[in-house]
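All remarks here apply to the structure that follows.
Chain A is the first sequence line, chain B the second, and so forth, proteins listed ahead of strands; every chain is numbered from 1.
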Number of protein chains: 2
Amino acid sequence: MDPSRHSDALRAAQMYYLQDLTMDAIARELRTSRSTVSRLLSSARESGLVQIQIRNPLDTGPELEGRIRQRYGVDVHVVPVLETLNEAETLDRVAMQAARTIGPVVDSNAIIGVAWGSTLSAVSRHLTRKITHDSVIVQLNGAGNMHTTGITYASDIMRRFGSAYGARVEQFPVPAFFDHAATKTAMWNERSVQRILELQAKMSIAIFGVGSVDADYPSHVYAGGYLDEMDLNILATSDVVGDVATVFFRGDGSSDGIILNERSTGPALAELRQVRRRICVVSGVSKIKGLRGALAAGLATDLILDESTARRLVNYEGLPGANG
Amino acid sequence: MDPSRHSDALRAAQMYYLQDLTMDAIARELRTSRSTVSRLLSSARESGLVQIQIRNPLDTGPELEGRIRQRYGVDVHVVPVLETLNEAETLDRVAMQAARTIGPVVDSNAIIGVAWGSTLSAVSRHLTRKITHDSVIVQLNGAGNMHTTGITYASDIMRRFGSAYGARVEQFPVPAFFDHAATKTAMWNERSVQRILELQAKMSIAIFGVGSVDADYPSHVYAGGYLDEMDLNILATSDVVGDVATVFFRGDGSSDGIILNERSTGPALAELRQVRRRICVVSGVSKIKGLRGALAAGLATDLILDESTARRLVNYEGLPGANG
DNA sequence: CTCCCTCGTGCACGTTTGTGCATAGTGCTT
DNA sequence: AAGCACTATGCACAAACGTGCACGAGGGAG
């Protein structure tokens, strides 16, 4: 808005964060009140002018992170959260930290694939602004279901990403699952769809959560009316443990022969693995099964998860039957 | 020291800076007192675990920066400082901001050339720690003078850089100026000296101030007994406007035919220009002449200077005779 | 011209944070 | 085993900070 306000914010931020002056001293230099400086600073943080990041030296990080990193070959960020918090609070804190961890990764000219779901929705609400040029946010999988167009929920997530990074948003206006694989084949030949698929093929960053079949707090995919009873039965009787962007996989990371995937609109796992930076956000121990499958499938390069889940991941690994 | 303290500091930093919890809440989670958390956080900042940086969008930056950037092709950081502050306070604030601006630039495996002088001394006192591996700090020019070995002053600067970045320090144990150019030629063939010169040739970052012949607050070079009266006379009657690392140049950036340089131990300007990142720190309007010469010579890729000097640089450019 | 809306500002208050000091813990020396 | 030096901790107080509220300036709309 006011250009001088922006430049005041910059000056204030420099003086506060780089010169360790108090807000009071800054107020005197800028000839304004201390409260105004306080507000200038918070707007500077909010607008991404000030970036705070935490770099934990990889080699000295806590043991938990080290073990996960080594075992799965992912860059891991364990979010410290008390075990006593409920799932909603945990999700909120994981999401906030995820949002701020993602910030520094995003840059100009990036093509960022974003999935949807309760995890991504929470993340999108905590994004901090960062000015980039010519970035694109592209939706990873459709969000319509059998009963409604169901677009608003997913599109809110996309919109928040877009406005946080000043990026163009490309929605994927298809249902989450087609009823018939043939319809998908037909649609995939449409030019409007191909444009999205081409963008996805050029993604440099992908951000997603995981769905897990046994989550107490079930993913939208399993509860949102996207699948009918027969589909759910098929899932229950197969070895499927979870999904990423509505593409299902088994505990060993394989996905071949899962017929539901032929009707799904998310990127095939092999395609996803082509993306340079693949950020997976997970909150809540109930997602452990899906998470382990996703890691086995090598879907993530970066993993952000809460401490309890991280601990569970380490303790129960190698015990495929354990889940509680 | 205590490994659990470090990991507590990391947890605290994540919760404070990434999750916006209050120190009180963090204290409860870590089962300690709030004051301890406060201290953990300041140690996290101090040890470089938390990095705060300010990125001003290049295109929207204040007009002053834009003009300097465009005119001289350098990446410029104008430090906001009240004009009423005295030189010592200004230097302190410029130095603090310079130190923190340099931080993010330094990385593992870097070879960092460092000059010496009052500016660099101030900068070295404000460096924030950052853990790097296999970095080297190499002294750009000798610091001995005619009367003493004069090593301590320069070596303090070097040592501070070394310990801030966990880097090896390579001193350059020669005088600032040789009495006879022939001595320099001889020394330059010594293997001990050649080792330093080879390091300098491989520098990826160089950090230096500028000397200016008309500075009221004269650089060590001109006042520290490094030059005798005849030398000073030669400088006064030539067109020399300043120096970088005891190598002199004229207002147009040229340095050919300045005989004093044949006895100087700093890197020739052409060599310096080979370095990828050349960070010049300037505080005080009295250095304007030297600064303009250094910019004309293309010695810097990054310039950090106080606001008054920046303004002077813009207003008086194109008026070569003006200096007040 | 007047009304009304919006937005930025300063004030005042309650909250949050930094720090000097006394104390308790830890490891090393004799 | 006792003494010593050093460091981390918690307490309490002062300093610094965030924010609801009321006010006033600017800018359309009627």
Return yes when atom CD of A/Glu89 has more than 12 non-hydrogen atoms of other residues, nucleotides or ligands closer than 6.0 Å, and no otherwise. yes
Taking only N and O in the side chain of A/Tyr16, is any of them less than 4.0 Å away from OP1 or OP2 of D/dA16? no
Quick check: on DNA chain D, is the nucleotide nearest A/Met23 upstream (toward 5') of the one nearest B/Arg31, or the reverse? Name the residue that is more 5'. B/Arg31
Interface with DNA chain D, restricted to residues 32-42 of chain B and to heavy atoms under 4.0 Å: B/Thr32, B/Ser33, B/Arg34, B/Ser35, B/Thr36, B/Arg39
Whole angstrom is fine here: how far is it from CG in A/Leu30 over to C1' in C/dG8? 15 Å
B/Gln97 and A/Gln19: side chain donor to acceptor below 3.5 Å: yes
How many whole angstroms separate atom CG of B/Asp20 from atom C1' of D/dG18? 13 Å
May I ask you to decide whether A/Glu307 forms a salt bridge with B/Arg11, counting only side-chain N to carboxylate O separations under 4.0 Å? yes
Take A/His126 and A/Asp92 through the test side-chain contact (heavy atoms from CB on, under 4.5 Å) and record every step on the way to the result. CA-CA 9 Å; A/His126 290 293; A/Asp92 202 57; 3.0 Å; yes
Rounded distance in Å - CG (B/Asp24) to C1' (D/dC17): 15 Å
So, B/Arg125 and B/Ser121: side-chain donor and acceptor under 3.5 Å apart, yes or no? yes
Roughly, in whole Å, what's the span from CD1 in B/Ile26 to P in C/dG18? 11 Å
To the nearest Å, give me how far apart CZ (A/Arg28) and C1' (D/dA16) are. 12 Å
Got a salt bridge between A/Lys287 and A/Asp306, using NZ or NE/NH1/NH2 to carboxylate O under 4.0 Å? no
